[in-house]
Protein chains: 2
Amino acid sequence: MSVPLYQAKAEFFKTLGHPARIRILELLSERDHAVHELLDRIDIEPSSLSQQLAVLRRTSLVTSARVGGEVVYSVSVPEVRDLLLAARRILSGIIAVQGELESELSPTATS
Amino acid sequence: MSVPLYQAKAEFFKTLGHPARIRILELLSERDHAVHELLDRIDIEPSSLSQQLAVLRRTSLVTSARVGGEVVYSVSVPEVRDLLLAARRILSGIIAVQGELESELSPTATS
DNA sequence: TTGTCAGTTGCACACTTTATCAAGTCTTGA
DNA sequence: TCAAGACTTGATAAAGTGTGCAACTGACAA
């Protein structure tokens, strides 16, 4: 492979490193959505949404299809859902630890 | 929580979005490493490595401890390994699909 | 045809990240 | 106490990203 794997991985994670893109993937992993439906659920300008969708398309994480007047997006890699779950688990762990540290410093420490 | 979860997730993925940081986490998920050991395995300036380690420290993904003359780093969240594996799986999937698309376009298409 | 809704694209500006160089801290051994 | 190895920090130029506006395309209904 021309691109080392760790670099491809970094690119991949970079793609996920934007709040709107995370939201999009979360919504799409529930079910397919037309762009205007995503627009209803995410607080973002249409042009900005379009750009973020383009980023996800470039990475082949989602695909789009024109259906009459609207464009419908779907996740093309179902495993993305697992990844988001794994991230949530790790994040909860980290947040929990940070909470402990904070309460150790506070006057109402619990242990 | 003050920060919405999807934003925290994006931050988290952003942290992983750098080749050196991926390499670091891969090496550390094998075993703890001193900085100069990482330096031997990753092609990067010491100061740059230090910066990337600082990023990982800020996110609480790794912890450091001074042991005599050296500073030893460890992953603080073992699940990171699962995450990297999940990413590799998704990535292989995507790369495989892209390979198929390419061979469809090439004169030696296999199907 | 024309207006309108649905999306996308092109840009310019602001902001963030990264790489590199120089300088500084800490620790150990001579 | 000094020198050297092991790291970190600060500063800064260069590169990369994100945002919002305006302009543009495609589909459909009046």
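Lettering follows sequence order; numbering is per chain, from 1. Scope of the values below: all heavy atoms of this structure, side chains included, with no hydrogens, waters or symmetry mates.
Minimum interatomic distance between B/Gln52 and B/Ala20 (heavy atoms only, all atoms of both residues): CG-CB, 4.2 Å.
Contacts of residues 58-69 of chain A with DNA chain C (heavy atom under 4.0 Å): A/Gly69.
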- Note on the structure: A correct 5'-to-3' footprint of nucleotides 12-19 of chain D, with B, S and - meaning base, sugar-phosphate only and no protein heavy atom under 4.0 Å, is ------SB

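Atom-to-atom distance recorded for A/His36:NE2 and A/Glu70:CD is 3.5 Å, nearest 0.5 angstrom. Atoms CG and OG1, from A/Leu25 and A/Thr15 in turn, are 9.5 Å apart once rounded to the nearest 0.5 Å. Note that the CD atom of A/Glu26 and the CZ atom of A/Arg21 stand 14.0 Å from one another [nearest 0.5 Å]. Taking CD1 from A/Ile24 and CG from A/Leu38, the interatomic distance works out to 6.0 Å, rounded to the nearest 0.5 Å. Note: B/Gln7 CD to B/Phe12 CZ = 15.5 Å, rounded to the nearest 0.5 Å. To the nearest 0.5 Å, atom OG of residue A/Ser64 and atom CG of residue A/Leu56 are 11.0 Å apart.
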- Message: Test side-chain contact (heavy atoms from CB on, under 4.5 Å) on A/Leu5 and B/Leu91; report intermediate values, then the result.
- Response: CA-CA 9 Å; A/Leu5 189 54; B/Leu91 225 44; 4.2 Å; yes

- Could you check B/Ile94 against A/Leu61 for side-chain contact (heavy atoms from CB on, under 4.5 Å), going step by step and ending with a plain yes or no? CA-CA 8 Å; B/Ile94 291 177; A/Leu61 279 174; 4.0 Å; yes

- Could you please spell out the steps behind the side-chain contact (heavy atoms from CB on, under 4.5 Å) verdict for A/Phe13 and B/Ile22? CA-CA 10 Å; A/Phe13 284 124; B/Ile22 293 286; 3.5 Å; yes

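Counting non-hydrogen atoms under 4.0 angstrom, A/Ala34 reaches the backbone sugars and phosphates but no base.
Protein chain A touches strand DNA chain C; the 5'-most and 3'-most nucleotides with an atom under 4.0 angstrom of its non-hydrogen atoms are C/dA6 to C/dC11.
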